[in-house]
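Notes follow the structure.
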Amino acid sequence: MVCKTVAKRATRYSLRALAFAVIGYMTESVATAQPLRLRADALAETSAPTGLVVLEGKDQVRPWFDVEGLVWAGARTDAAGDVLALALRLHDPHGRGELRAGRFVLATGAVRPLQIDGARALGRTSFGTTAEFFGGAPVVPRFGSLPYEWIVGGRVAQTIVSRATMGLSYVQRRSHMELADEEVGADLAAIAVPWLDLASTAAYDLTSPGITMGLASIAARYKNWRFELFTSHRSPGRMLPATSLFSVLGDFPSENFGTTVRWQAAPRLDLLGGAAAQIVGGEPGANAWLRALLRLDDRGTSSLGLEIRREDVVGAQWTGARGIASRTFAHVWRFSTEIEIVLPDTPNGRGIAWPWGLMALAWRPGKGWEAASAVEASASPERRYQLTALLRLSKTMVLP
Amino acid sequence: MRARLTLILTLTLVLAACAGVLGIRRDASHPFEHRAHVIKGVSCNECHAGVASAADEGPVHFPETADCLRCHQKPHDTRRCDGCHGESQVRGGAELARETLRFRHDKHMPAVHGDCVRCHVEVAQSRPEALRPTMATCFGCHEHRDQWQVRACNGCHVDIAAEATPPASHVVHDGDWLREHGVRAAGARDLCSSCHSERSCAACHGVGTTPGLPARLAFDDVNLAGQHRAGFRSRHAVEARAQPGLCTTCHSESSCIQCHQASNVASGTASRSPHPLGWISPMRGGGDHGRAARIDPSSCAGCHGGAGEQLCIDCHRVGGPGGNPHGPGFRSTKDKSRDVPCRACHGLAP
């Protein structure tokens, strides 16, 4: 009996000590108190219907707990008011792990980004191993049908001497308890030397065996130049849930092999160009583009830009040009304009040119207030002409 | 002769103007003459008084005009010295660092034996971009390997998300970043979340986000890159055809139907069909729809998914007039008589 009492007391003291230790650990590296950040945007458009209010809040309640929300109110024809993100995050202040729950965008390794209602747990070790597990239900707009009901999966990654990270992931989706999709993936990111880095990822479909998606990019920097080689492989049929009838049509991948070059020709002038060879459904194609940006001041608050693009794939042949200009006046006013024209090779009675233009005036008087208005005009394949007025009012607040 | 002189003068003016616009020649203010002061034997502490013992808080230790006047007793001007001597972005960088970083000069000075240039390496250059040491300079001594592994940035950064300073020496958002960001974020999503909030991802990758896309909500910021920039609504069909599968990276196959129904370009509404003539033609091997469906099946699933699949099954069921829809490369581990969607056709076989 005595022994039991002593044991109970010892256990109680141990638990109390443990609780104090945990609290002490949690509050050990307390940073300065983080303020509550709030932002509200109200957007009105004359194109029917109209009106959207975006409310955003972020607060670090404790060093180990923060919460973030992004809510839309109002409605349009193409979107209803909804909670876009509402995530609670419990995390170790020392970075050993975290638990995220709520509505958020899940994206990790070769798992394609997906907005879910669910949870994600992540743990890290000091020798560079990361393990994460997630599960949840996909978010669908309004009363849309669920492509599947559940997604579960995980990823294990290892960092090697701070130079490279390799990860393996697994994900499965289920609909009515039936397997809708099952994929394994691998990802690699490495900085071989400070001027050379590479990143790649690939996902393999186990339901309809084959590569769903593969992306790779290798970039090198030399003085004011940056060169990149990239490739991508997407199998659209495998990207659909395997419960969709359209997933059975076979493997007609879309592939890209290309390069981009950036040259800072002058301190305020950036030139960027790219070209890629494409294979779409077995047919060859290509695209190329050139972009120039001239900043009119050191901070880039005023600028001029021009972009030219050519796309040449069977069924999608067009040439486009886009110009931008923005100028800041008296630190609080900014006038900006943007013009684009697209010339399709085969108009098919949908107009020989699709012009689009916007003129905007923004006012930032300070204290977190912003107001902007614009007029947008366009002629598109659907409409001979369209004129839209836009107005946005924003307020950012930081509460202690 | 006069014409040539005019031409030369004009060209000179144009070049001078271009030099100013391109940033080759800077305007009124110029870098502070650190080098000249060092050559004269003026130590850093003489002007930046107190910096050697400065802790984490307090003012930045820029000299005031009165400090300059201790030596320069006959100034050439009555205005403040720092109006011209020293550049605003350098001062701004230092003030931003004081506000957003945890840093103690008093802890670092003994380690570098009072040699400020050990960290402020650009002081020696005639036209330094910034005098604040870069993160790469910090990493020269502090590897921070453990903190980097566990994404514990708050040892130095007060609030990295609110700081909103684009990284200059690591994870540089360079080149065609919009296309690249996916593959580069794949291995380091949690690194991205060190700076970016959920909003950054959800604004594009969320469901039904069209009006709140960064490029739409911030319509006045024309420099903002975005997949759906400018007249994307006009281009979206040709863009989708050029990159099959790209849309599915963010959008579910049902994303199209909302807009198309609202625009009366969808099935099931009193609307016009988006399909051209010859889309389904028994005379031409079925018409164009088969090839289009194989190249981008998600665009078909957008309208004809779910109950709409019956439209396909009516022709393509086993023994139906539409023939076998399975193209080359089709393999499946599913049980065709039992699993969805196989059983829809194979279950109906006579």
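Just so we're on the same page: letters track the sequence lines, and every chain starts at 1.
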| field | Carboxylate-amine/guanidinium proximity below 4.0 Å for B/R331 and A/D251 | value | no
| note | Taken to the nearest 0.5 Å, the spacing of B/C300 SG from A/L245 CG works out to 10.5 Å
| NZ/NE/NH1/NH2 to OD/OE distance under 4.0 Å, B/E180 and A/R226 | yes
| request: Counting only heavy atoms closer than 4.5 Å, note whether A/V261 contacts chain B via side chain, backbone, both or neither. | output: neither
| Is it true that A/E228 and B/R179 make a salt bridge, defined as a side-chain N closer than 4.0 Å to a carboxylate O? | yes
| query | Just one of B/N223, B/D221, B/D220, B/V222 clears the side chain to side chain contact (heavy atoms under 4.5 Å, CB included) bar with A/E338, so which one? | reply | B/V222
| Interchain contact, A/L215 with chain B, by part (heavy-atom threshold 4.5 Å) | both
| request: In plain terms, say whether B/D176 and A/R262 are close enough for a salt bridge, that is, a side-chain N and a carboxylate O under 4.0 Å apart. | output: no
| said: Using modelled atom types and a 3.5 Å cut-off, is there a donor and acceptor pairing between side-chain atoms of A/R392 and backbone atoms of B/L217? | reply: yes
| message | Looking at B/R291 and A/E283, is there a salt bridge between them, counting it only when a charged N and a carboxylate O are closer than 4.0 Å? | response | yes
| query | Salt bridge or not for A/E340 and B/R229, using N-O below 4.0 Å? | reply | no
| query | Do NZ/NE/NH1/NH2 and the carboxylate oxygens of A/R103 and B/E198 come within less than 4.0 Å? | reply | no
| task | Decide, yes or no, whether a salt bridge links A/E178 with B/R338 under the criterion of side-chain N to carboxylate O below 4.0 Å. | result | no
